[in-house]
Undergrad: 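For reference, the structure I am asking about is given below.
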Amino acid sequence: MAAAKKLARRLGPVIDAQTIEMTVTALIAQWETPEAEEGIAAFFGKTAPSWQI
């Protein structure tokens with residue numbers, strides 16, 4: 001969640017090719033983390049991930 005908020009703060013009012021490239025790169029980096037994999041598996045398995053309160 002913190003990474004998503006940080007990314008949202010970096011986006012400006014104008015979304016140009018450089019902003020799109022930066023966003024795609026940041027999202028790919030987040031999707032490849034163990035936390036994201038667990039979250040996706042939990043979603044599809046209809047279970048709670050270990051880090052959910």
Side-chain angles (χ1 to χ4, degrees):
M1 184 59 80
K5 288 180 180 181
K6 183 178 178 181
L7 175 60
R9 284 191 295 271
R10 289 178 61 191
L11 299 176
V14 177
I15 298 178
D16 55 14
Q18 182 180 7
T19 302
I20 292 169
E21 180 65 28
M22 182 270 305
T23 304
V24 168
T25 302
L27 289 173
I28 289 170
Q30 289 303 307
W31 276 90
E32 294 177 344
T33 65
E35 184 179 75
E37 289 179 21
E38 180 184 352
I40 293 166
F43 175 80
F44 286 112
K46 298 186 186 326
T47 61
S50 64
W51 39 262
Q52 185 178 29
I53 298 174

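What you see below is based on every heavy atom in this structure, not just the backbone, and it leaves out hydrogens, waters and symmetry mates. In this chain, numbering begins with 1 at the start of the sequence shown.
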Undergrad: Would you check if the side chain of Gln30 reaches a backbone N or O of Ala36 as a donor-acceptor pair within less than 3.5 Å?
TA: no
Undergrad: What distance separates Thr23 OG1 from Ile28 CD1, expressed to the nearest 0.5 Å?
TA: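 So the gap between those two atoms works out to 11.0 Å.
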Undergrad: Testing the basics here: between Glu32 and Glu37, what is the closest heavy-atom pair and its distance to 0.1 Å?
TA: O-OE2, 4.2 Å
Undergrad: Side-chain donor-acceptor contacts of residues 11-22 below 3.5 Å, not counting sequence neighbours, with atom names and distances?
TA:
from, atom 1, to, atom 2, distance (Å)
Asp16, OD1, Gln18, N, 3.3
Asp16, OD1, Thr19, N, 2.9
Asp16, OD1, Thr19, OG1, 2.8

Undergrad: Linking I/L/V/M/F/W/Y whenever any side-chain heavy atoms sit under 4.5 Å apart, do Trp51 and Ile40 land together?
TA: no
Undergrad: Testing the basics here: between Ala42 and Ala48, what is the closest heavy-atom pair and its distance to 0.1 Å?
TA: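 Heavy-atom minimum between the residues: CB-C, 4.0 Å.
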